[in-house]
Amino acid sequence: MKKILVKVLAFLRKYKVFVALIFLLAISSASTVVLANANSVTVKSDSVNVRIGPGLSYANMGQVKKGDKLSIISEKNKWYEVRLAGDKIGWVASWLLDNTTVSSTTNKVGIIKVQNTTVFKNASATSAVLGTVSQSQKVSIMYQENDWTQILYKGTAGWVKSDFIQGTQQTSGEDKTSNDSTKSSSNDVKTVTVTQPSTKFRIEPNSSGRVIKSVNVGKTFDYLGKNGKWYKVRDKDGSVGYVASWVVTVSGTKDPIKSAATNISEATIVIDPGHGGSDTGALSKKKTYEKNFTLEYAQAIKSQLEKTGARVILTRSNDSTKSLGDRARLSSKIEADAFISLHFDSSSSENAGSGITTYYYQSNKDSKLATDVNNQLKGIKIDNRGTQQKDLYVLHYNSQPSILLELGYINSKSDYKHINSETYKQQVARAVTSGLKNYFQ
C-alpha cells in the first residue's frame with residue numbers, strides 16, 4: 001500500500017501542470033452551466049402555449065412541452081418572458097411552470113463600452129446584423145458563451161462581443177431600464193462625430209446654407225442643440241455652425257436624438273423598390289419582372305415627394321441586389337420618418353387575384369402610416385383590399401414607421417394593363433405623396 005501511495009504522489013508532482021489544467025477546465029465548464037441555467041424553469045404541464053405578449057388575449061406563437069427548460073428574461077402580470085430555441089422571445093403563464101426556485105429579476109445588467117456596438121442575430125460576426133447599441137447603454141445579459149454575450153435587444157435575443165460589454169453587480173430587477181436596449185433615461189448629448197467624408201459644416205441649418213468648411217470622417221464637435229434634422233455644434237476653434245444629423249453619430253447619450261417631423265418638408269422618407277439584381281420578383285404574362293416595375297415606381301414617387309421639400313432616399317437606385325436586412329436597417333441608420341416598400345402581387349394562377357394591399361406590422365408604430373397612405377390609394381384605378389397586419393421582414397425588423405405596398409397583381413390581365421401604364425404610375429406617386437402629407441400633419 002505504501003509503494004502505491006509513493007507512486008501516486010510522484011505522478012502528481014510530475015504532472016501537476018496537467019492536473020491543474022484539468023481542474024481549471026472543470027471549473028470553467030461548471031461556471032458556464034451555472035450561468036446558462038441560473039434563470040431557467042421547467043415546464044410542468046403536458047404543453048404550454050407561448051404567446052407574443054403577457055396575457056391570454058395575445059396571439060399564440062407556438063408551444064413548449066413538458067420537461068422543456070426555458071430561460072426567464074422578465075416577469076409581468078404573472079407571466080414570464082422567456083428565451084426559446086432559435087433565440088425567439090415569447091411569454092408563458094408562470095402558474096404552468098415550476099417556478100419555486102427562480103427569480104425573473106436575476107439577469108445581470110451590462111454596460112456597453114464601445115460606441116455603436118453591433119448586435120448580431122447569432123454568436124458569429126458573419127451572422128445577420130440586428131442593429132447597434134450606443135456606448136454607455138445598459139442592457140440585460142441573458143447568457144454568455146465563449147467570446148460572445150447574449151442580450152435582450154428590441155424584444156428579441158441578440159449577441160455582442162463580450163469585449164464590448166462590461167458586467168455589473170446590478171440585476172434587471174434593480175434597474176428597470178435595462179430590460180430593453182431601446183429604452184433610455186437620459187438624452188444628455190455631449191458630442192457628435194462625423195461619419196461621412198467631406199461633411200459640410202454650414203452657417204445655417206439647411207442644405208443651401210453657406211459652407212464654413214468641409215471636415216473628414218472622425219471629426220468631433222461639441223453638441224449645442226438641434227434644428228429640424230440639423231445639429232447645432234461648436235468646433236474646438238470656437239466656430240459655431242450646423243451639420244446634418246444623417247452624417248454624424250451621437251455620443252454621451254443612450255439613444256440617438258430623434259425629431260418627429262410635423263410637416264412633410266421636414267421629413268426623411270425611405271422608398272424601397274422591392275427585389276432587384278438576381279432577385280427578379282414575380283413575372284408577368286408579358287415576361288416583365290416585378291423588380292423593374294418597383295424601381296420605376298420608386299423613382300416616380302421620389303420625384304413627387306421631392307417637390308414637397310422632403311428628403312427621399314432609395315434603398316436601390318439601379319438593378320442591384322440588396323438584402324432585406326440592409327433595406328430595413330437603412331431606416332434606423334438615417335433616422336427616417338417613414339419607410340415604404342414597393343411590390344406587386346402575384347397569384348398561384350393567372351387572373352386569380354386583383355387589388356392593392358397595404359401591409360403594416362406594429363399597430364402603434366405603423367398603422368397610422370398604413371391608413372393615411374391606403375386612404376389615398378383607394379381613389380385610383382385598381383380596387384383596394386385595405387390595410388392588413390402581417391409579419392414581413394422589412395417591417396418586423398424596422399425601427400421606424402414602415403409599410404409595404406402591393407400595388408396590384410402582376411399576373412392579372414386587368415391589373416397589369418394599369419401597372420404597365422404611365423397614368424397609373426403617376427396616380428400611385430401622387431396618392432403616396434398625399435398620404436404622407438396627411439401623415440405628417
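The first residue in the sequence is number 1, and the count goes up from there.
- Relative orientation of the Phe293 and Tyr297 rings is perpendicular, given thresholds of 30° and 60° on the angle between their planes.
- Enclosure of atom OH in Tyr289 is not indicated, since only 12 or fewer non-hydrogen atoms of other residues, nucleotides or ligands lie within 6.0 angstrom.
- With respect to Arg316, the side chain to side chain contact (heavy atoms under 4.5 Å, CB included) criterion is satisfied by exactly one of Thr294, Thr321, Ile271: Thr294.
- Among residues two or more places apart in sequence or in another chain, the side chain to side chain contact (heavy atoms under 4.5 Å, CB included) test is passed with Ser414 by Ser354, Ser412.
- Ion pairing between a basic and an acidic side chain is recognised when a charged N comes within 4.0 Å of a carboxylate O; Glu296 and Lys425 show such pairing.
- Remark: Lys368 engages Asp372 in a side-chain hydrogen bond (donor to acceptor under 3.5 Å, both in side chains) (not counting sequence neighbours).
- When the options Asp319, Asp279, Asp272 are evaluated for a salt bridge (Lys or Arg N to Asp or Glu O under 4.0 Å) with Lys291, the one that passes is Asp319.
- In this structure, Tyr242 has its ring center at least 6.0 angstrom away from the ring center of Tyr231.
- Counting non-hydrogen atoms of other residues, nucleotides and ligands closer than 6.0 Å to CG of Asp222 gives a total above 12.
- Residues satisfying the ring-ring contact (aromatic ring centres under 6.0 Å, His included) test with Phe339, not counting sequence neighbours, are none.
- In this structure, Val192 and Thr220 have side chains that are not in contact, with every pair of non-hydrogen atoms separated by 4.5 Å or more.
- No more than 12 heavy atoms of other residues, nucleotides or ligands lie within 6.0 Å of NZ in Lys417, so this atom counts as exposed by the packing criterion.
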Please evaluate residues Asn374 and Asn384 with respect to the criterion side-chain hydrogen bond (donor to acceptor under 3.5 Å, both in side chains), reporting the C-alpha separation (whole Å), side-chain torsions for both, the decisive distance (0.1 Å), and the verdict.
CA-CA 8 Å; Asn374 189 73; Asn384 196 292; 3.2 Å; yes
Walk me through whether Ile340 and Val270 qualify under side-chain contact (heavy atoms from CB on, under 4.5 Å). CA-CA 6 Å; Ile340 300 178; Val270 174; over 6 Å; no
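- The two residues Ile410 and Ala282 make their nearest non-hydrogen contact at CG2-CB, 3.6 Å.
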